[in-house]
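Quick notes on the structure that follows.
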Amino acid sequence: MNRRVTVYLLVVSLQILAITADNHDYVALNALKEAWENTPPSWVGSDPCAGWEGIRCTNSRVTSITLASMGLIGQLSGDIQSLSELQTLDLSYNKGLTGPVPPAIGTLKKLSNLSLNSNSFIGSIPASIGNLSNLYWLDLADNKLSGKIPVSTGTTPGLDMLVKAKHFHFGRNQLSGEIPSQLFNSKLALIHVLFENNNLNGSIPSTLGLVQTLEVLRLDRNLLSGPVPSNLNNLTRVNELDMSNNSFESSDVPPWFSTLQSLTTLNMEQTQLQGKLPVDFFSIPQLQTTVLRNNQLNGTLDIGPSHSNQLQLVDLQNNRITDFTQRAGYDNELILVGNPFCLESGGIAKYCTLPQQSNSSYSTPPANCVPSSCISDQISSPNCSCAYPYTGTLSFRAPSFSDLGNSSIYTSLQGALTQSFHTHQLPVDSVSLSNPTKNLDDYLVMSLKIFPSGQAYFNRTGISGIGFVLSNQTFKPPPTFGPFFFIGSNYGYFAGVSEGKPKSSNNGIAIGAAVGGSALVLLLVLAGVYAFSQKKRAERANKQNHPFASWDGSKNSGGVPQLKGARCFSFDELKKWTNNFSEANNIGSGGYGMVYRGTLPSGQLVAIKRAQQGSTQGGHEFKTEIELLSRVHHKNVVGLVGFCFEQAEQMLVYEFIANGTLRESLLGKSGIRLDWSRRLRIAIGAAKGIQYLHDLADPPIIHRDIKSNNILLDERLNAKVADFGLSKPLGDVDKGHVTTQVKGTMGYMDPEYYMTQQLTEKSDVYSFGVVLLELVTARSPIEKGKYIVREVRQAMDRTKDLYNLQGILDPAIGLGTELRGLEKFVDLALSCVEETGLKRPTMSEVVKEIESIMELAGLNPNAESAPTSASYESSSKGFDHPYSNNSLFSYSGAYPPLKIEPK
Ligand SMILES: *[C@@H]1O[C@H](CO)[C@@H](O)[C@H](O)[C@H]1NC(C)=O
Ligand SMILES: *[C@@H]1O[C@H](CO)[C@@H](O)[C@H](O)[C@H]1NC(C)=O
Ligand SMILES: *[C@@H]1O[C@H](CO)[C@@H](O)[C@H](O)[C@H]1NC(C)=O
Ligand SMILES: *[C@@H]1O[C@H](CO)[C@@H](O)[C@H](O)[C@H]1NC(C)=O
Ligand SMILES: *[C@@H]1O[C@H](CO)[C@@H](O)[C@H](O)[C@H]1NC(C)=O
Ligand SMILES: *[C@@H]1O[C@H](CO)[C@@H](O)[C@H](O)[C@H]1NC(C)=O
Ligand SMILES: *[C@@H]1O[C@H](CO)[C@@H](O)[C@H](O)[C@H]1NC(C)=O
Ligand SMILES: CC(=O)N[C@H]1CO[C@H](CO)[C@@H](O)[C@@H]1O
């Protein structure tokens, strides 16, 4: 009977689950979100399939993430690997995505479109991408990727395995080494190979000739050498070929020039070509643009009577051409400047002068209407309505015209762009072009504004769609423009007002929107909590009777633990919430085992400390420990959320603290600027946390490892004391101290404790004094062999302003501003580091003193800190994880022993 009920409840709960997104997907997306700034505000609630912009789902599984041009900042974490149904991942044009491309991406077997272009990704292209057998689109262009292009070996995958791929866009990176000959084979179906502007060297592998599907090949601006393989003549579909600016072996004009019958654009500037251009080259039927500047082409130029009737530009600057047969009837652009022919003919022929580089101030004019005068950042569109356009720059590498003043060319481009957006049903009203110029690379660059239709701004779906049309080469400009690329600016107006940088004029609206937004968030959260509790109620019904059914009482672990607030999690739950303890979720390790990040179904992030085999302790000790930890509840102490004691596993689940360690912030790694008032707030928070452990925790706890790495900062910069790995409760044997093996961290360690092995609360006070000195100097306790305590004592002169410590204070504290109370703060720090414990203040005295310093500085010691969001120096947000380096559990010995060693 009982069992039947359980089965029934299980079915019910599965059905409830099926309505919303898969939990793994939610957990993974949430983790991605945590690592990014500027995710869409609609990313709230626990169902990404319901209204999270940029997310598309099929059968409750996430199949597409498109977040182009959102201004995302942060890293792409390995959590992505949980989204096993993902087909499209488009994070292009965010600029701010950095860190490596996670190799875990190679597990997403369904992925067909991967666009990471125009970001700041670093590291090499993961070989595991070769495992993506369904990949069709691979765009990594315009990043900072380095290293070699990975190809398969017997044991590892490589890009040569991507037989369905049509697009390799790797341009504008720092890839190096040779292009592996193994990369290309006849099974590939590539149409675009864009490797331009990297550091690739060696020669072009002849295997490239096997990829007969190729339409666009760009190898320009690399360090390629050697001969150009002759079998490129097999690339009969290539219409755009650019090999310029490499140092190939000098060679005669290759015969394949004339056999590439699909060619429209050929650019081989500066490629050591010599000999005579064959006349039949110009009769390739679609040929439009030929740039062969800076070579050693010689003899007589003959364009021939049967040249392509589309030919627009023949640029042969700086060659050795001695004569020109004018029988051709070719009237479009021809440039022979820098050839003997022009010298001999006195430079009179029109092709012997550089075309006028008429830099134009062109700007798309209004279409038969009077431009509106718009408020705030809005701009009048060509149709004279005010809106927030999406802007960016379009660059054309080889336009076949040089007269930038001819406005009809821009009109045709504008028409083609508008047409393309409409064809793809994007909400575009009109586009305008302005300021065409030639840049240093001789690219034609102009700015593009795309205006929304229907309303004054685009939503994220619209921006992503526009970004993709411009990056996926769907848009074809008029032929005279040739190949292009687009760099979009971040679009900050999704809500119809400037996001991120609120302007005073629309603050009211921004605040209104924020308030409305957070009410909505609250509602959604409440709804989520309700749904979740309904679901869990069913699941738990059975467990409730035996909350610690898995508690193994047989092994002398005593009765069920007496817990205050901490929850007992099952192994399966924790396994699920950490994606099976995946590598991607591993955020630290130490002698005791690993620390994993997990996401509870409520969305709460947690840090899970998992003891490894051999580091587990007896059930009794574990119980004592969690009982102790569960009693610690203070806003300045990292809280225990729960534990797991099951299947020979011992795990502790802590709250996850967003802003990392104080140490990182002092080093400037977090991007949070710590001015004097913030440092005071951090000092008071940490002091209160330690005071709580000493005076209010039951039993009292000596931390034993107070240091800036063990003080974490939450999103409001509240300090939270972490790491009880070394903590000592003062048990019944309490004589005010315990005798222990000396443990702690050099530089923070109380010398008295070190010498006598007698641990007292004053040992924590000493360490805290060092932290206070660290707070004002940002120096490590021991830096270059110098001990901070001695340095400060030596440098200080109590008769002088700021005690004469200007040279040793951290400039970021706000040197030059009034640092009220700083002297008293230094006095306090030095009293904490007195030689003998007796002379040091207690933590409650420390708290009182910091409070009085704060009042002196005009701060309310009891006020909550402000949220940090407004104060981030946004671009510099660090990505060092607070829990890497074991900072939460820095003790590398055994799993925290809480036994009190007998005297
Ligand atoms: C690639 O896939 C194979 C087969 O699924 C797997 O054995 C291998 O570990 C994967 N390699 C990488 C680097 O992901
Ligand atoms: C290519 O560059 C690598 C360093 O990136 C160098 O080790 C190698 O020798 C170079 N090869 C050639 C052929 O120049
Ligand atoms: C060129 O392509 C043909 C098939 O069209 C093939 O037989 C030949 O081997 C290729 N040539 C080279 C040098 O790869
Ligand atoms: C190509 O090389 C020429 C000659 O060295 C140089 O003037 C030009 O700027 C280079 N172009 C690019 C795009 O690097
Ligand atoms: C053109 O250059 C090639 C290779 O340098 C040379 O063999 C040939 O004689 C030259 N032709 C003329 C007409 O100068
Ligand atoms: C975004 O805008 C398009 C067209 O303007 C509209 O169809 C779509 O519903 C909007 N999406 C969201 C999530 O508001
Ligand atoms: C390019 O993007 C547009 C708009 O999203 C889409 O309709 C089109 O199919 C894409 N083209 C390719 C080749 O992926
Ligand atoms: C936006 C999008 O999904 N684009 C392409 C992704 O890949 C498939 C092929 O698998 C194309 O058909 C889509 O156009």
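Just so you know, ligand 1 is whichever comes first in the structure, and atom 1 is the first atom listed for that ligand. What you see below is based on every heavy atom in this structure, not just the backbone, and it leaves out hydrogens, waters and symmetry mates.
Contact analysis leaves G106 out of contact with ligand 1, as no non-hydrogen atom separation drops below 4.0 angstrom.
Donor-acceptor pairing under 3.5 Å is recorded for the side chains of E269 and N294. Side-chain atoms of N134 and K164 form a donor-acceptor pair, as typed in the model, at a separation below 3.5 Å. Looking only at atom types and distance, the side chain of N233 has no donor-acceptor partner in the side chain of T259 under 3.5 Å away. Side-chain contact, Q288 with Q312: no donor N or O sits under 3.5 Å from an acceptor N or O.
In terms of protein heavy atoms, atom 2 (O) of ligand 2 is closest to N201 ND2, 2.2 Å. Atom 5 (O) of ligand 1 has as its closest protein heavy atom K109 NZ, 3.8 Å. What sits closest to atom 11 (N) of ligand 1 on the protein, heavy atoms only, is N131 ND2, 3.0 Å. Protein heavy atom nearest atom 3 (C) of ligand 5, with residue, atom name and distance: N298 ND2, 3.7 Å. The protein heavy-atom contact nearest to atom 13 (C) of ligand 2 is E178 OE2, 3.5 Å.
Not a single protein heavy atom sits closer than 4.0 Å to atom 7 (O) of ligand 1.
The shortest N or O to N or O distance between D252 and ligand 5 is not below 3.5 Å.
Using a 4.5 Å heavy-atom cutoff, the side chains of L114 and I129 are in contact.
Between F324 and Y351, the distance from one ring center to the other falls under 6.0 angstrom.
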